[in-house]
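What follows is a short report on a single structure.
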Amino acid sequence: MSDREWNRVTVGLDSRRWVTRKDCKTVLVAVHTVTSGQRLLDTARLLESDLRVQVVFTKAPDVFNNGVDQLISGLGGASLPWAQVPYQRFDLALAASLGSIHEIHAPLVVMPHGAGFNKLVPARDGARAEDRAPYGLDAQRLMRDGVVLPKAIVLPHEIELGRLARTCPQALPVAAIVGDSSHDRLVASLPHRDVYRRALGVGPRQKLVVVTSTWGPQSLFGKHSDLLPRLLAELPREEFRVVALFHPNVWFGHGIWQMRAWLADSLRDGLSLVPPDDDWRAVLAAADWIIGDHGSVTLYGAATGKPVMLAGFPHADVDPASALAKLATVAPRVSRRGSLRGQLDKAEREMRPGRYRPVVDQITSAPGRFDHNMRRLIYRLMDLRQPEHVPVTPPVPVPRLGA
């Protein structure tokens, strides 16, 4: 270790001398991206009010970790430079991505940063499509030197056990079916729909169209960037409001200034943007229609009971066994031809109760149980008795506009 590295480590260790509460269990939250950070906060929240536990955040290495510093700073959490992480031990670590997790010395819990495991690992030259594993379940990232890295792999649905058995059977003993935090919080937020609509500026006689795009060249914004101008041109402003949700990787991959510059005309025409660090689940709860692509937000939209429409869907990038692939078989497609208002009206007319139930049932096999199951798991790994109060899944905060 260089002198500079050793100085960083000893400064971090020396700071423990000055803390007010000693002998706390230390939980490291490794935030790779804004998206994974938002998911991890649902679990970190389960440690609230426990004076026996100190939570520390760190920005983990990732090509899309722009914005993570601001996220951690905005939380007001204690933070640790990643350079110190490999030289310290923690009582527990949480991650929702797999990059560099071999450098963490702690019982490690990894979880998906989206709705399950839908997207396939990019194909290598000469690799067959059927040999591609879902990202997050692949042995290449879950193992190192023949050893499974996580102490627990959080799965939202029991069906994932079969997929894990095919892609990384060595990890089956540490798999835990816990449920899906975003599904549970979205469902808990649906009764507050009217509050969210008012916060988004939706009038009592207006309908809300939510357009959501994941990142990458095959995404809605990557291939169908004309959709937003078309919606704004065709839908009367006194009757409709259009709100766009972009994956944080879009914002931080191109820059917030650039995104607003690209969308300047649409913003002048009435488009509303949700900031990348805001809670997208409130926007889904407020929607009358959801138009999306192969991103997780589109899939969660199926749990709202409102029409979900697809503007493009790259089947080659999506695991055919996933809930997202199942959504693609039942959700109507947005056509480049014909009236968009007519397509929205048709989707609404054809929407039947339970239409997306088979899709939603594949998101989680423990609906409403994430908080209970996850808290039990993390306290077991910390070797601590759980707090006596029963965790209650809260609705998400009201959304804000103006990224």
Side-chain angles (χ1 to χ4, degrees), residues 34-35 38-39 41-42 45 113-116 156 179-214 220 231 235 239-248 271-293 295-311 323-324 327 331 344 347-348 351-357 359-364 366-371 391-403:
V34 170
T35 303
Q38 292 168 339
R39 178 59 64 108
L41 289 176
D42 281 343
R45 175 180 54 81
H113 57 258
D180 187 292
S181 61
S182 283
H183 169 276
D184 291 356
R185 294 204 69 187
L186 174 58
V187 171
S189 301
L190 292 177
H192 303 271
R193 169 182 167 84
D194 290 343
V195 175
Y196 299 144
R197 289 170 70 84
R198 287 194 294 271
L200 292 168
V202 181
R205 298 185 179 182
Q206 285 182 308
K207 295 292 187 73
L208 175 61
V209 180
V210 174
V211 180
T212 174
S213 176
T214 189
L220 184 152
L231 285 168
L235 303 181
E239 297 180 46
F240 294 88
R241 191 159 179 82
V242 181
V243 174
L245 284 172
F246 291 104
H247 192 289
L271 176 69
S272 295
L273 288 176
V274 178
D277 59 345
D278 208 38
D279 202 310
W280 48 269
R281 294 168 290 197
V283 184
L284 288 188
D288 292 294
W289 292 272
I290 297 156
I291 302 176
D293 51 19
S296 290
V297 175
T298 310
L299 179 55
Y300 284 121
T304 66
K306 298 300 180 180
V308 177
M309 306 174 69
L310 297 177
L324 193 58
L327 176 65
L344 293 173
E348 186 176 43
M351 185 67 185
R352 298 288 183 269
R355 175 171 184 168
Y356 297 131
R357 177 50 53 191
V359 176
V360 177
D361 285 346
Q362 196 171 325
I363 294 176
T364 172
R369 300 288 293 172
F370 176 87
D371 285 0
V392 177
T393 303
V396 297
V398 296
R400 55 192 174 88
L401 298 176

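These numbers come from a predicted model, not from an experiment.
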* To do: Apply the test side chain to side chain contact (heavy atoms under 4.5 Å, CB included) to residues Leu186 and Thr304: give CA-CA distance (whole Å), side-chain angles for both, the deciding distance (0.1 Å), then the verdict.
  => CA-CA 8 Å; Leu186 174 58; Thr304 66; 4.1 Å; yes
* Asked: Would His183 and Val360 satisfy side chain to side chain contact (heavy atoms under 4.5 Å, CB included), going step by step from the backbone distance to the final call?
  -> CA-CA 9 Å; His183 169 276; Val360 177; 3.9 Å; yes
* With a 4.5 Å heavy-atom cut-off, do Pro395 and Arg185 have their side chains touching? -> no
* Asked: What is the minimum heavy-atom distance between Val209 and Ile291, and which atoms define it?
  -> CG1-CD1, 4.0 Å
* What heavy-atom pair brings Ala311 and Leu220 nearest, and what distance separates the two atoms? -> CB-CD1, 3.6 Å
* Of the non-hydrogen atoms in Asp279 and Pro397, which two are nearest, and what is the gap between them? -> OD2-CD, 4.1 Å
* Asked: Do you know the tightest heavy-atom contact between Val187 and Pro191?
  -> O-CD, 3.5 Å
* Side chain of Ser296, backbone of Ala115: donor and acceptor closer than 3.5 Å? -> yes
* Asked: Would Thr393 and Asp371 count as having a side-chain donor-acceptor pair, cut-off 3.5 Å?
  -> yes
* Is a side-chain N or O of Arg241 found less than 3.5 angstrom from the main chain of Gln206, in a donor-acceptor match? -> no
* **Contact summary for Gly305 and Met351, nearest pair of heavy atoms** => O-CE, 3.5 Å
* Asked: Does the Asp293 side chain pair with the main chain of Leu310, one donor and one acceptor, at a distance under 3.5 Å?
  -> no
* Asked: Can you find a heavy atom in the side chain of Val308 that is under 4.5 Å from one in the side chain of Thr298?
  -> yes
* To do: Report yes or no: does Ser189 contribute a side-chain atom to a donor-acceptor pair with the main-chain N or O of Val396 at less than 3.5 Å?
  => yes
* Note, Trp280 side chain near Val274 side chain (heavy atom, < 4.5 Å) -> no
* **From Asp42, Asp180, Asp184, residue fulfilling salt bridge (Lys or Arg N to Asp or Glu O under 4.0 Å) relative to Arg281** => Asp42
* Identify the two heavy atoms, one from Pro399 and one from Tyr196, that lie closest to each other, and give their separation to 0.1 Å. => CD-CD2, 3.7 Å
Under 3.5 Å, sequence neighbours excluded: what are the donor-acceptor pairs made by side chains of residues 282-289?
unit_1, atom_1, unit_2, atom_2, d
Asp288, OD1, Arg193, NH2, 2.7
Asp288, OD2, Arg197, NH1, 2.9
Asp288, OD2, Arg197, NH2, 3.2
Asp288, OD2, Leu208, N, 2.7
Trp289, NE1, Leu344, O, 2.9

* Asked: Within the side chain of Arg355, is there an N or O that forms a donor-acceptor pair under 3.5 Å with the backbone of Pro307?
  -> no
* Give, for atom OG1 of Thr212 and atom NE2 of His247, the distance between the pair rounded to the nearest 0.5 Å. => 9.0 Å
* Is any side-chain heavy atom of Thr35 less than 4.5 Å from a side-chain heavy atom of Arg39? -> no
* Heavy-atom side-chain proximity of Pro276 to Phe246 below 4.5 angstrom -> no
